[in-house]
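Inspection log for the structure reproduced underneath, given as structure tokens.
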Amino acid sequence: MEKSFFQASREGDVSGLRAFRKGGGDINIKEKGSMRTALHYAASRGKLPAVEWLVSKGADVNAKDALRRTPLHEAAAKGRVKISQILIGKGAEVNVKDFAAHETPLHSAAGQGRNGVVELLLTKGGVVNATDEEQKTPLHRSAQGGHVRATQIVLSKGGNINIKDKAEDAPLHCAAAGDHIEAVKLLLSQGADVFARNKENLSPLDVAGSQSVRKLIRARQKQIDRQVMQHDLLSKDGGVKINKIKLLVCGDEATGKSTLIGSLCRTGIKAVFTREKHKPTEPDARSPTAGVDVGTMTVPNAGEFAIFDFAGQAEYYVTHAMLMHAKLGVYVTVYNITDDAETQTQQLQRWLRMIKAGNGDPSFTPKVVLVGSHADKMDKQKGMSRAAALLRSMREQFRGQLDISTEAFVLDCEVSQSPDMDRLRKHLACLKQEILKDQPQLPKLCSEIVRKVPGWCRNNLGGGAPVLRWPEYVKAVKEIDPLVQEDFLLKSTEYLNDIAELLLIRATSSEPIVVLTPPWLCGDVFGPLLAPENFPIDHIERESDDHVTFREISRVFARTVSPKLLISILREFQICHSFDGTDFIFPSLLRRLPPLREIWKPTKSESVVYFGSQVACKDATDSFSPDFFPRLQTTLLKEHPSTFPVKPAVWKDGMVFTDGKSEGLIAMSQDNMACNIVVRNPSGFREYCYYLLERLQKKLNKVLEESSPGTSVVEKVISSRALKEHRDTFYTYDRKSVQEAARKNGSLSHPDLQWSERVYDLVFSQEGPNKHTFQLVAKQLRAAEWRELGRELGLSDSTLDRLQKEFSGDLRETVYRMLNKWEEETDGPRGEAREKLSDALVAVERRDIADVLICDEG
Ligand SMILES: Nc1nc2c(ncn2[C@@H]2O[C@H](COP(=O)(O)OP(=O)(O)OP(=O)(O)O)[C@@H](O)[C@H]2O)c(=O)[nH]1
């Protein structure tokens, strides 16, 4: 009878409930064990008529089950708005806490994203900052679950955005740890403290699990730092209005960028005469831009712009990448309207990807204008319809990433007086106004420095080149303000560096260097250095094919700048690297990587192991910034001889090295959309391979975040068997298919290869289900116990000695590697391995860890 009563309440069967009551049953009767009432069930299942009937017959709306949860807790957790309303109307306690977690109905609703109930509870007296057992508030719960709307509602009703729980986590920690990007965005936009620390001294950035959330938080941190710095500078020094933004003009070679810039700035009579002068005398005579041409220009009706004219030549993309960031700027991307559609698309995609890659702030979308040149060579109507189609396609592809203007421009770039050129000027004026609308002022000292720079350069302050070592710079600034403090000056100069008025190079090993005029470094130095074929360098006598000597650099540059100073600048920019300070490697001047079979001699050894992992762009709007690979190379070259005892061999797009145990190869794909890491160990020591691969991957990720903060990537697994055969192509599997294969029969085959291979042989296997377990054990095992555990697992003393030597000083790493080694040797089903490990842990009297392993299994 009782049983059918609870059944009827679960099913919402009012007549069943009625029959029970008629038979003399108590409608508040509690179920054995769970102590739940019929109202708990009906409320939880959303059975409105049953709830209405039960409460009309006097059911206890505050009945508590074994966990002291009430029907309102149930209705709230399931999002039953109407039922919650009825229960509250009948006197249900809104702020009742349950027994298990001390949570209120509001916690339940917020944690499940039940927006309607959250709203209702908050209007009915729900305590917005109520705390549960972990001192979490409903806001912690909604953030933890990534429920954006619920978070919004709680915040709008007074939820404390920076409140800490028992672990001292703020709601932002919870959202970041759960990788809930939209919730993180919301909390940041509402003023969450991005620097908050929890009990373990971890910030939201430290606990964030994914690259995209980290990016978002890092961008916000930078923004705050900047605001604080600005406030600091302005309060000490006062400010002046900014009236200039950057105009970053990019596009392929000879598309008409320099011509467009010239025409944009010319008007009236001057325009008529200069046009003639501008026309080249011979059809093929043209002067390409060297590096980046930087200057200030006035565009009629739009005012002053800092113009960056990026040369279209591919050799310069490395340095372009470093100058392509501009929050106070507009990107003008030029293409030739007479080119075929595929060429135009490819070119535009490349530049737009580069702009996207350089933008590390996901809450900021760079403004872009597309301009088709050579309009005079095509029928106007046809040109406009081509441009409109291209614009539509680019806007669609880069939606949410770039703010591409809806206006299409197709111009004869050589003509400065045309309705279309005027339209472009007006459009730029509007964008400039929009950008400058909310901009803070420029600290006074900064504007004074900017004013003085041309004079410093004219007076040969840097001894010929516009570059000053820190003490020289401080001395010069003291002429403006004799009392200036060095840290104040450093902050002001950082600010000027951000807006590219000058370059502040914070050398790692020496005092900062200040490049007073970026054009000198970007045009005069990078120009010939990176493309000597087009911009012949005087006095150059190349002494070697694969490196540049100190003598050569001195011969070419000594008359303008101290070679040592220049070299330290180039090294800071990661443009060159040296092992000995005498010979310099310029990755951009190197040859391309030959096929794998020419680099690594095939080995007959059966035991040789190969592993490979690929970091690839996530979609067609992503690319590796052009400076990514040279930076990665120079970062790794710095590890010779400490990590890589033999001098690594380098190519433009590849690198080969050894850490003394395993060999490594890093290769960029031809299209620059993927970076491959391959390791091999001729003696078959998988753990050495893992170790090297992990190291390389960490470095790669760090360089990627620095050089291409706007790029999203995915990791793929390279076929080990294809590597073993030294194929020319890197065949990859996506992680999902490897995971699936691991779950099913443990082997998989690539559609382009005729055979299958074991998941165990892929690098992926290091991340198999045991990895987490091993980390857990490694974290808890004590120094005195690890060898004993190793022996229990059957590892030989010599293996243990080797491991000890290899990872000396790092107990966690040693244990982790030991368990991997044991796993390799066992090679049995994973479940069995875990059992054996548990037994071994018990044998070394660490039952506590063994117990955790059993719980962890689920
Ligand atoms: N007919 C015609 N010629 C143009 C137009 N725009 C540029 N040109 C010519 O195309 C050639 C290349 O123009 P530039 O402005 O130097 O090209 P760029 O894009 O700056 O080239 P790089 O500096 O190499 O990247 C020059 O001879 C220009 O006179 C145009 O709209 N119509």
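Remember, it's 1-based here, ligands and their atoms both numbered in the order they're listed.
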Best match, Gly262, Ser258, Ala254, Ala375: closest heavy atom to atom 22 (P) of ligand 1 |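 Closest candidate by heavy-atom distance is Ala254.
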Which of the listed options, His374, Lys377, Met378, holds the heavy atom that is closest to atom 5 (C) of ligand 1?
->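 Looking at heavy atoms only, His374 sits closest to atom 5 (C) of ligand 1.
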What atoms of ligand 1 come within less than 4.0 Å of a heavy atom belonging to [X]?
| X | answer |
| --- | --- |
| Pro288 | 23 (O), 24 (O) |
| Asp412 | 30 (C), 31 (O), 32 (N) |
| Asp376 | 1 (N), 2 (C), 30 (C), 31 (O), 32 (N) |
| Leu411 | 31 (O) |
| Ala311 | 25 (O) |
| Cys413 | 6 (N), 30 (C), 31 (O) |

Rounded distance (nearest 0.5 Å) linking atom OG of Ser578 with atom CZ of Phe586 =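 Reported to 0.5 Å precision, the distance equals 10.0 Å.
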Donor + acceptor pair across side chains of [X], [Y] (<3.5 Å):
| X | Y | answer |
| --- | --- | --- |
| Asp339 | Gln344 | no |
| Ser568 | Arg571 | no |
| Thr289 | Ser258 | yes |

Give a yes/no verdict on whether any heavy atom in Glu414 is under 4.0 Å from an atom of ligand 1.
->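 Yes; Glu414 lies near enough to ligand 1 that a heavy-atom distance drops under 4.0 Å.
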Any Asp293 heavy atom less than 4.0 Å from ligand 1 =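 False for this residue.
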Report the C-alpha distance between Trp351 and Tyr317 in whole Å, list the side-chain angles of each, state the deciding distance to 0.1 Å, and finish with yes or no for ring-ring contact (aromatic ring centres under 6.0 Å, His included).
-> CA-CA 10 Å; Trp351 290 100; Tyr317 295 175; 5.0 Å; yes
May I ask you to establish whether [X] and [Y] are in a cation-pi arrangement, using a distance under 6.0 Å from NZ or CZ to the six-membered ring centre and at most 45° from the ring axis?
| X | Y | answer |
| --- | --- | --- |
| Lys327 | Phe364 | yes |
| Lys246 | Phe308 | yes |
| Lys432 | Phe305 | yes |

Side chain, backbone, both or neither: Val334 near ligand 1, heavy atoms under 4.0 Å =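 Neither; nothing of Val334 gets under 4.0 Å from ligand 1.
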Does the N or O separation between [X] and ligand 1 drop below 3.5 Å for any pair?
| X | result |
| --- | --- |
| Thr255 | yes |
| Phe310 | no |
| Ser373 | no |

Gln433, CD: over 12 other non-hydrogen atoms inside 6.0 angstrom =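 No.
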